[in-house]
Protein chains: 2
Amino acid sequence: MTRCDHCIARQLSAMKSMTKEELKLVSDCKTTRFFKKGDVIFEEGEALNGVFCVRDGVAKLTKLNANGKDQTVKLLGRGDMIGQRSVISNERTNLSAVALNDIELCYVPRDQIVNPLQKNQEFSFDVLQNFAKDLKNSEDDLVNMAQKSVKQRIAETLLYVHRTFGVDANGYLSVVLSREDYASIVGTATESTIRILSQFKKDGFISTEGKLIKIENLEKLRQVE
Amino acid sequence: MTRCDHCIARQLSAMKSMTKEELKLVSDCKTTRFFKKGDVIFEEGEALNGVFCVRDGVAKLTKLNANGKDQTVKLLGRGDMIGQRSVISNERTNLSAVALNDIELCYVPRDQIVNPLQKNQEFSFDVLQNFAKDLKNSEDDLVNMAQKSVKQRIAETLLYVHRTFGVDANGYLSVVLSREDYASIVGTATESTIRILSQFKKDGFISTEGKLIKIENLEKLRQVE
DNA sequence: TTTAAAATATGATAATTGTCATGTTATGTG
DNA sequence: CACATAACATGACAATTATCATATTTTAAA
């Protein structure tokens with residue numbers, strides 16, 4: 001079994017401030033899980049008795065609204081933790097997690113997270129700082145959602161995916177999302193997303209190859225109004 | 001000077017898990033500040049070297065967007081803490097705080113919050129749980145903003161204000177917000193807000209008396225589509 | 001490889017929301 | 001009280017976005 005202290009995810013997550021002993025416990029208890037593209041990792045309303053840590057791959061957190069539509073709340077990549085909140089507040093999760101491509105997760109039981117949280121000040125302060133950052137991002141997202149046009153939100157999502165997950169050898173966004181995925185992130189109809197992406201193509205801001213998207217002009221995308 | 005251990009705000013905030021000694025320090029260091037309706041408590045971009053705790057009154061947290069419009073991110077009432085995040089992440093605040101009516105705040109210097117956070121496990125876990133709750137709310141807000149109509153968002157805001165801050169002796173919402181305030185919360189034009197509130201009046205969902213709003217039919221407001 | 005299903009694309013049209021103009025009503029200040 | 005200012009209200013119109021219909025293309029499975 002892979003040891004946690006070598007895991008690349010550790011470099012990126014709050015777990016970097018766990019002690020060697022704590023990390024050893026995590027290492028011993030954790031189980032590694034693989035999910036295929038499209039697999040549901042957990043469903044809204046489930047009780048999570050542990051935390052997932054993304055070792056490799058990308059997942060989305062979604063929330064079902066009253067009309068039966070999914071809203072994507074967050075994308076998660078390497079080093080991100082899933083389910084910390086539910087574990088800390090001891091509530092069922094209010095989000096579903098779905099794999100966007102093949103993904104490898106470590107599942108760490110609740111106790112191995114909560115115990116260090118209650119004993120290791122550095123770790124708990126780190127998690128607190130992560131939460132503070134998440135909250136700030138969340139506020140920014142809210143303002144964007146409230147005040148920007150669909151076109152702007154799509155442009156920003158493309159830039160976000162580019163910035164966060166990078167590009168493949170040919171310059172295409174390495175995370176491949178369907179038009180419906182993009183629609184679910186910006187909170188609009190799939191048709192609107194398709195139309196706007198087509199427009200971006202005509203404008204030369206992006207190019208596509210099947211489902212792959214390449215950003216051709218970062219600056220123009222930033223200036224979309 | 002009023003002692004913190006008698007403060008009603010303490011019953012509601014994470015400070016309830018501070019030790020007597022910690023609370024004594026807070027009590028000795030804190031300063032009480034009064035703001036009048038409309039006063040700016042602090043501005044986006046300021047460095048906050050402490051935390052505000054709402055003793056009485058209501059404030060809003062707003063964020064300026066690129067077009068110069070304010071988005072209201074959160075309303076704060078008795079027992080709510082303002083500025084914890086900036087203090088914890090050691091960053092300048094990304095929000096402004098404005099008094100919505102006459103308000104009394106306690107200002108607690110940074111150290112009196114951060115030191116207990118680094119020493120008192122119970123307190124820091126409590127703050128963590130508060131953050132977890134805030135994050136969940138924030139996600140819910142995002143989904144609402146993304147997927148509900150302006151009309152629904154206004155109806156929900158009325159219900160929220162009713163639920164959170166209650167009504168006066170005559171049944172009017174005890175927090176009095178301008179149409180512009182409501183617009184800034186739901187992220188729409190002031191005129192749209194005025195129109196929709198007029199419609200709600202015609203429909204008999206609410207009644208008004210000057211700026212005062214009374215909810216006449218909770219159930220109908222909940223069912224708005 | 002064939003074929004069904006899913007994803008993408010686009011037109012037509014409706015619904016929602018924003019913007020600008022303009023008038024009325026409250027509110028507060030000298 | 002008078003007056004200036006801000007808040008509220010409403011019409012007319014424009015812009016954005018959603019919805020429905022219908023092709024076309026891509027993908028995946030038999």
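Every chain is numbered from 1, with letters handed out A, B, ... down the list of sequences. Owing to the predicted nature of the structure, the values given are computational and were not obtained by experimental measurement.
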Which whole-number value in Å describes the distance from B/Asp181 CG to D/dA6 P? 15 Å
Between P of C/dT8 and CZ of A/Phe200, the distance in whole Å: 16 Å
Whole angstrom is fine here: how far is it from CD1 in A/Ile206 over to P in C/dT8? 12 Å
Quick one: bend of the helix from C/dT1-D/dA30 to C/dG30-D/dC1 from 5 pairs per end, to 10°? 50°
Does a donor on one side chain sit under 3.5 Å from an acceptor on the other, for B/Lys133 and A/Ser89? no
Assess the side chains of B/Ser184 and B/Asp181: does a donor N or O sit below 3.5 Å from an acceptor N or O? no
Spell out, as yes or no, whether a donor-acceptor pair under 3.5 Å connects the side chain of B/Thr157 to the backbone of B/Arg153. yes
Phosphate-side-chain proximity, B/Ser198 and D/dT10, N/O vs OP1/OP2 below 4.0 Å: yes
Inspect the contact between A/Glu139 and A/Lys136 and indicate whether a charged nitrogen and a carboxylate oxygen are less than 4.0 angstrom apart. no
Find the distance A/Ile194:CD1 to D/dT25:P and express it as a whole number of Å. 15 Å
When A/Arg179 and A/Ala146 are each assigned the nearest nucleotide of DNA chain C, the 5'-most assignment goes to A/Arg179
Does A/Lys37 offer a backbone N or O that forms a donor-acceptor pair with the side chain of A/Asp102 under 3.5 Å? yes
May I ask you to say whether A/Asp56 pairs ionically with A/Arg78, meaning some side-chain N is under 4.0 Å from a carboxylate O? yes
Given atom CD of A/Glu180 and atom P of C/dA5, what is their separation to the nearest angstrom? 18 Å
Rounded off to whole Å, could you give me the OH-to-P distance for the A/Tyr182 and C/dA9 pair? 13 Å
Could you run down nucleotides 13-22 of chain D 5' to 3' and tag each one B, S or - for protein heavy-atom contact under 4.0 Å? ----SSBB--
Between A/Ser96 and A/Lys63: side-chain donor-acceptor atoms closer than 3.5 Å: no
Side-chain donor/acceptor of A/Gln147 to backbone N/O of A/Asn144, under 3.5 Å: no
Heteroatom pairs (N/O) under 3.5 angstrom, protein to nucleotides 23-27 of chain C:
none

Find the distance B/Leu212:CG to D/dC8:P and express it as a whole number of Å. 11 Å
Is a side-chain donor-acceptor pair under 3.5 Å present for B/Ser207 with B/Glu216? yes
Salt bridge check, A/Asp134 against A/Arg85: does any charged N sit closer than 4.0 Å to a carboxylate O? no
Rounded off to whole Å, could you give me the CG-to-C1' distance for the B/Leu197 and D/dC8 pair? 11 Å
Identify whether the distance between the nearest side-chain nitrogen and carboxylate oxygen of A/Arg222 and A/Glu219 falls below 4.0 Å. yes
